[in-house]
Amino acid sequence: MGNFDGLDLHSVEDQLNDEESPDGGGRIVLGVLDGTTPGEQWVDLIEDGAVLVLNVDGDLNDLGSGFAREVSEGGGNLVHFRGFLIVTPPGVSIDTDRLD
């Protein structure tokens with residue numbers, strides 16, 4: 001294995017932050033879909049270019065009703081996979097081919 005004594009994680013984080021677009025694109029946001037976060041906040045994140053990975057804690061249809069249609073109609077994608085809802089902005093596709 002390689003030697004990691006000289007690895008400067010702060011420099012790596014700074015570089016990653018520089019590569020993110022100022023509007024939030026390039027971000028992956030982890031969260032819990034439990035009804036405590038208003039749907040508008042999820043929509044705002046998607047409109048800013050973020051990808052959401054949300055742990056679904058409850059009934060997906062009820063919990064997603066506040067934002068799923070708006071995301072879908074705006075060209076975003078939503079996929080429920082193993083207890084998580086993955087939501088992507090327009091232009092970011094979710095490849096489910098290997099799930100068959």
Side-chain angles (χ1 to χ4, degrees):
M1 291 268 134
N3 182 356
F4 293 103
D5 291 337
L7 183 61
D8 183 358
L9 293 178
H10 184 67
S11 293
V12 172
E13 288 176 356
D14 287 344
Q15 188 173 16
L16 288 174
N17 289 336
D18 290 344
E19 291 176 4
E20 284 184 6
S21 66
D23 63 358
R27 291 178 52 202
I28 298 175
V29 177
L30 305 178
V32 177
L33 184 60
D34 60 4
T36 60
T37 301
E40 302 85 42
Q41 286 184 14
W42 299 129
V43 171
D44 288 345
L45 287 165
I46 292 298
E47 288 176 347
D48 287 343
V51 172
L52 308 179
V53 179
L54 305 174
N55 183 6
V56 179
D57 186 14
D59 181 71
L60 177 60
N61 291 326
D62 288 339
L63 296 170
S65 65
F67 67 93
R69 176 171 283 143
E70 188 171 348
V71 169
S72 168
E73 289 176 353
N77 297 287
L78 300 98
V79 172
H80 186 223
F81 177 69
R82 294 190 177 190
F84 291 90
L85 180 64
I86 295 95
V87 187
T88 62
V92 178
S93 63
I94 301 173
D95 184 347
T96 59
D97 290 345
R98 296 186 176 155
L99 297 178
D100 294 335

Could you give the side-chain donor-acceptor pairs of residues 59-81 under 3.5 Å, partners two or more places apart or in another chain?
from	atom 1	to	atom 2	distance (Å)
Asp59	OD2	Asn61	N	3.4
Asp59	OD2	Asp62	N	2.9
Ser65	OG	Asp62	O	2.8
Asn77	ND2	Thr88	OG1	3.3
Asn77	ND2	Val92	O	2.9

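Taken from CD1 in Ile46 to CD in Gln41, the straight-line distance is 13.0 Å, to the nearest 0.5 Å. Thr96 contributes atom OG1, which lies 8.5 Å from atom CD1 of Ile94 (distance to the nearest 0.5 angstrom).
Distance alone, capped at 3.5 Å, places no donor-acceptor pair between the Asp48 side chain and the Ala50 backbone.
For CD1 of Ile28, the number of neighbouring non-hydrogen atoms (other residues, nucleotides, ligands) closer than 6.0 Å is 12 at most.
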